[in-house]
Colleague: 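Take a look at this one; I'll ask things after.
Any value given below was found using the heavy atoms of this structure, including those in side chains, with hydrogens, waters and symmetry copies removed. Whatever order the structure lists them in is the order used to number ligands and atoms, beginning at 1.
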Amino acid sequence: MDLMEKITALAKRRGFIFPSSEIYGGYQGFWDYGPLGVELKNNIKREWWKSMVYEREDVVGFDAAVIMNPTIWEKSGHLKAFTDPLIECKLCHQRFRADKKDLLARHESEHGEKVGWTESKKFNLMTEVLLGVTEPKQKAYLRGEITQGVMVNFENVVNSTRVKIPFGIAQIGKAFRNEITPGNFTFRSREFKQMELEYFIPPKEDESKKTFEYWKKQRMDWYVSLGLNPKKLRFRKHEEKERAHYARFAEDIEYEAPFGWGELEGIHHRGDFDLKNHSLKYKDKESGEEYIPWVIETSGGVDRAALFFLLDAYHEEDKRVVLKLHPRLAPFKVAVFPLLANKNELVKKARAVYKVLSTKYYCAWDDRGNIGKRYFAQDEIGTPWCVTVDFKSLEDNAVTVRDRDSAKQERIEVDKLVGCLQNKLKE
Ligand code: GAP
């Protein structure tokens, strides 16, 4: 099994990610997140929100509707230009993205003969929906990027808060794309979550370049601070022909996945493209100066981050599989075990410890099998610490805390447990 297969199997076996609609044969490009997957994604989103909104004075949050007035998509250029190049195999009529040379080569080798391809044509990625109660129903769209909800509310945010340029608006939410070739597990899906910052600045070339570089560094540092291996991360500049229709220039943060380098986050210089198209502008409350701000955008995928954090965390050592997720991302922070499940006094004490810890963290409880097996089960889902209540705990009110990565054990007093884990989480 290669790493992608191992992660896909582990994700299903342990409740991180399931194929959507599986009992009816699945649905290509859609995925469901299980009990552990939802925790991992929530933790990624929480860390992002903390660093992008709570720890900054110059950024406010937002949450726009998924379906908006279709005029927005006309003005934003998405109905015309949000396209990928599509070609069709003349032998079997399967359709592919013309720019995905590796997929085309694989398809040719599957046929085992020379394949003829149709001319490449532009395929629009917007997902249509029909709304209303009278016929014909009104055509609307599921948002292809979460950005536009923020852009069209620019003046609302300026007028209802004390923000002053330079400032940012952060948002996390679902986006939908009718991808031609969804694949590589969740990497390319048709429904996915984005976490985006639109940072509004004065329309000045030098300042915009500095801001672009600043956000590139912030975003790269964020992934590294949460444990992604820096050797597997890089920036890649977009060539002119691959740039999105709204971008003056763009660079991706890429991760080296088993299937090659893949985009994790895009940093875009959107200039005044969006605000100008929506006829919106900024008026400085003090100087009265009016202008159309420029926008530097950071746009990351929550699902791609989850996938890359899982791939990066996967280790096989000493016959155990261990997910070395950063403790702040791990679904469970701590697991609590009574040494023996059939000794009431141990179970009672362990339950009391569990109760205290679960007011602070999402905790696992396990009293099945032997301690070794319980450790292995927690290692495989990335739980950083396991706490065991044993007979000595009944006398000294202390527990054994075992560290996932080093497998080292230390004795900690129950009353100091929360503080101690809190310090470890800050590290
Ligand atoms: N507002 C800018 C924007 O949407 P993008 O580069 O098209 O930019 C940003 O998308 C991020 O969204 C990507 O870096 C990726 O992490 C995520 N993303 C894009 N398409 C995706 C897909 N089909 N499946 C999963 N994630 C996707």
Side-chain angles (χ1 to χ4, degrees), residues 17 20 28-31 33 37 41 44-45 48 62 64 66 72-73 76-78 81-84 97 99-100 103 123-127 141-152 168-199 212 215-216 219-220 222-223 228 233-239 242-255 257 259 261-271 273-275 277 295-311:
I17 306 170
S20 182
Q28 203 192 9
F30 295 91
W31 299 91
Y33 287 77
K41 277 218 296 192
I44 292 170
K45 289 186 283 178
W48 186 88
F62 206 81
V66 167
I72 289 176
W73 301 109
S76 70
H78 281 73
F82 197 52
T83 59
D84 274 338
R97 258 177 73 167
D99 55 342
K100 296 287 165 200
L103 290 182
F123 178 81
N124 194 284
L125 302 179
M126 295 295 286
T127 314
Y141 302 90
L142 299 178
R143 58 187 177 186
E145 59 165 1
I146 62 171
T147 324
Q148 295 307 316
V150 164
M151 295 296 186
V152 297
I169 304 180
Q171 181 178 216
I172 298 177
K174 289 246 169 146
F176 302 80
R177 292 182 191 175
N178 193 11
E179 293 283 359
I180 299 167
T181 42
N184 286 327
F185 196 18
T186 56
F187 178 77
R188 196 171 303 287
S189 309
R190 290 188 164 129
E191 171 178 341
F192 53 94
K193 222 166 228 170
Q194 296 184 309
M195 37 193 186
E196 286 195 344
L197 172 76
E198 308 304 327
Y199 200 76
F212 188 86
W215 280 110
K216 265 175 60 186
R219 298 304 305 137
M220 180 64 97
W222 185 80
Y223 288 110
L228 275 194
L233 288 167
R234 72 174 187 193
F235 289 112
R236 190 182 67 81
K237 257 195 189 95
H238 278 212
E239 287 172 34
E242 64 175 319
R243 238 181 265 150
H245 64 281
Y246 48 73
R248 295 178 83 218
F249 48 89
E251 274 189 54
D252 288 341
I253 296 178
E254 292 189 331
Y255 179 81
F259 51 85
W261 288 93
E263 177 187 343
L264 170 56
E265 172 151 349
I267 323 291
H268 307 125
H269 188 317
R270 296 180 76 120
F273 183 86
D274 305 273
L275 294 183
N277 287 343
V295 176
I296 304 297
E297 169 184 77
T298 70
S299 177
V302 179
D303 308 78
R304 283 195 189 170
L307 174 61
F308 292 156
F309 278 122
L310 283 174
L311 286 166

Colleague: If I take atom CH2 from residue W215 and atom OH from residue Y199, how far apart are they, to the nearest 0.5 angstrom?
Modeller: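 Taking CH2 in W215 and OH in Y199, the distance rounds to 6.5 Å.
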
Colleague: Among protein heavy atoms, which sits nearest to atom 19 (C) of ligand 1, and what does the distance come to when rounded to 0.1 Å?
Modeller: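 Answer, as residue, atom name and distance: R177 NH1, 3.5 Å.
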
Colleague: Is there at least one pair of N or O atoms, one from F192 and one from ligand 1, spaced under 3.5 Å apart?
Modeller: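 No - when backbone and side-chain N and O of F192 are compared with those of ligand 1, no distance drops under 3.5 Å.
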
Colleague: Could you go through H238 and F249, starting from their C-alpha distance and side-chain angles, then the distance that decides it, and tell me whether this counts as side chain to side chain contact (heavy atoms under 4.5 Å, CB included)?
Modeller: CA-CA 7 Å; H238 278 212; F249 48 89; over 6 Å; no

Colleague: Does any donor atom in the side chain of E145 or T147 lie under 3.5 Å from an acceptor atom in the other side chain?
Modeller: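 Yes.
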
Colleague: Using a 4.0 Å cut-off to any heavy atom of S189, which atoms of ligand 1 qualify?
Modeller: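 Those of ligand 1 that fall under 4.0 Å from S189 are 22 (C), 23 (N), 24 (N), 25 (C).
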
Colleague: Starting from atom 9 (C) of ligand 1, find the nearest protein heavy-atom neighbour and note its residue, name and distance.
Modeller: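 It is S299 OG, 3.0 Å.
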
Colleague: Taking 4.0 angstrom as the limit and counting only heavy atoms of E196, give me the atoms of ligand 1 inside it, by number and element.
Modeller: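 Ligand 1 atoms under the 4.0 Å threshold to E196: 1 (N), 2 (C), 3 (C), 4 (O).
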
Colleague: Applying ring pair (Phe, Tyr, Trp, His ring centres under 6.0 Å) to Y141 and H78, what does each step give before you reach the verdict?
Modeller: CA-CA 10 Å; Y141 302 90; H78 281 73; 10.0 Å; no

Colleague: Are the side chain of R190 and the backbone of Q28 linked by a donor-acceptor contact shorter than 3.5 Å?
Modeller: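 Judged by distance alone, yes, a pair lies under 3.5 Å.
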
Colleague: Please determine if T186 has a nitrogen or oxygen closer than 3.5 Å to a nitrogen or oxygen of ligand 1.
Modeller: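 No: no nitrogen or oxygen of T186 is under 3.5 Å from one in ligand 1.
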
Colleague: Could you find the nearest protein heavy atom to atom 17 (C) of ligand 1 and give me its residue, atom name and distance?
Modeller: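 It is G301 CA, 3.8 Å.
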
Colleague: Provide the number and element of each atom of ligand 1 under 4.0 Å from a heavy atom of E263.
Modeller: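 So the atoms of ligand 1 that pass are 6 (O), 13 (C), 14 (O).
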
Colleague: Output yes when E251 and K216 qualify as a salt bridge under the 4.0 Å nitrogen-oxygen rule, no when they do not.
Modeller: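 Salt bridge: yes.
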
Colleague: For a quick check under 3.5 Å, do Y223 and E265 share a side-chain donor-acceptor pair by atom type?
Modeller: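 Yes.
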
Colleague: Please list, in number order, the atoms of ligand 1 under 4.0 Å from a heavy atom of E265.
Modeller: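 In order of number, 14 (O).
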
Colleague: Which protein heavy atom lies closest to atom 15 (C) of ligand 1, and at what distance to 0.1 Å?
Modeller: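 Going by distance alone, atom 15 (C) of ligand 1 is nearest to R304 NH1, 3.5 Å.
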
Colleague: Please work out whether the ring planes of F259 and F308 are parallel, tilted or perpendicular, with thresholds of 30° and 60°.
Modeller: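 It falls in the tilted class, 30° to 60°.
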
Colleague: Should the proximity of K193 to ligand 1, defined as any heavy atom under 4.0 Å, be assigned to the side chain, the backbone, both, or neither?
Modeller: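 Looking at K193 and ligand 1, no heavy atom falls under 4.0 Å.
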
Colleague: Determine, step by step, whether T83 and F123 satisfy the side chain to side chain contact (heavy atoms under 4.5 Å, CB included) criterion, reporting the C-alpha distance in whole Å, the side-chain angles of both residues, the deciding distance to 0.1 Å, and the verdict.
Modeller: CA-CA 5 Å; T83 59; F123 178 81; 5.7 Å; no

Colleague: Specify side chain, backbone, both or neither for Y246, according to which of its non-hydrogen atoms lie closer than 4.0 Å to ligand 1.
Modeller: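 Near ligand 1, Y246 shows its side chain, while the N, CA, C and O stay back.
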
Colleague: Under 4.0 Å, counting heavy atoms only: does E198 come that close to any atom of ligand 1?
Modeller: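 Checking ligand 1 against E198, which is what was asked, there is no heavy-atom contact under 4.0 Å.
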
Colleague: What atoms of ligand 1 come closer than 4.0 angstrom to any heavy atom of G266?
Modeller: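 Ligand 1 atoms under the 4.0 Å threshold to G266: 14 (O).
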
Colleague: Could you tell me whether some N/O pair between R188 and ligand 1 is separated by less than 3.5 angstrom?
Modeller: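 Checking ligand 1 against R188, no N or O pair falls under 3.5 Å apart.
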
Colleague: For ligand 1, is D303 a contact, meaning one of its heavy atoms is under 4.0 Å away?
Modeller: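 It does not; every heavy atom stays at 4.0 Å or beyond.
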
Colleague: Find out whether the Lys NZ or Arg CZ of R236 is both under 6.0 angstrom from the six-membered ring centre of W261 and within 45° of the ring's axis.
Modeller: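 No.
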
Colleague: Using atom types as modelled, flag every donor-acceptor pair under 3.5 Å from a side chain in residues 170-185 to any protein atom, sequence neighbours excluded.
Modeller:
{"residue": "Q171", "atom": "OE1", "partner": "A64", "partner atom": "N", "Å": "2.7"}
{"residue": "Q171", "atom": "NE2", "partner": "I146", "partner atom": "O", "Å": "3.0"}
{"residue": "K174", "atom": "NZ", "partner": "E191", "partner atom": "OE2", "Å": "2.6"}
{"residue": "R177", "atom": "NE", "partner": "G144", "partner atom": "O", "Å": "2.8"}
{"residue": "R177", "atom": "NH2", "partner": "G144", "partner atom": "O", "Å": "3.1"}

Colleague: What is the closest protein heavy atom to atom 10 (O) of ligand 1, and at what distance does it sit?
Modeller: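 Result: Q194 NE2, 3.3 Å.
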
Colleague: Can you find an N or O of F187 that's nearer than 3.5 Å to an N or O of ligand 1?
Modeller: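 F187 vs ligand 1: N/O contact under 3.5 Å present.
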
Colleague: Hey, which atoms in ligand 1 end up nearer than 4.0 Å to a heavy atom of R270?
Modeller: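 Heavy-atom distances to R270 below 4.0 Å select 1 (N), 2 (C).
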
Colleague: Taking atom types as modelled, find out whether N277 and Y246 have a side-chain donor-acceptor pair closer than 3.5 angstrom.
Modeller: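 No donor-acceptor contact under 3.5 Å links the two side chains.
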
Colleague: Looking only at protein heavy atoms, which one is nearest to atom 2 (C) of ligand 1, and how far off is it?
Modeller: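 Nearest protein contact, heavy atoms only, for atom 2 (C) of ligand 1 is E297 OE1, 2.9 Å.
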
Colleague: Quick one: closest heavy-atom pair of G77 and H245, and the distance?
Modeller: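 So the two residues come closest at C-NE2, 3.6 Å.
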
Colleague: Report yes if some N/O of G144 lies less than 3.5 Å from some N/O of ligand 1; otherwise report no.
Modeller: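 By distance alone, the answer is no.
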
Colleague: Is there a heavy atom of R190 sitting under 4.0 angstrom from any atom of ligand 1?
Modeller: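 Flag not set, R190 not near ligand 1.
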
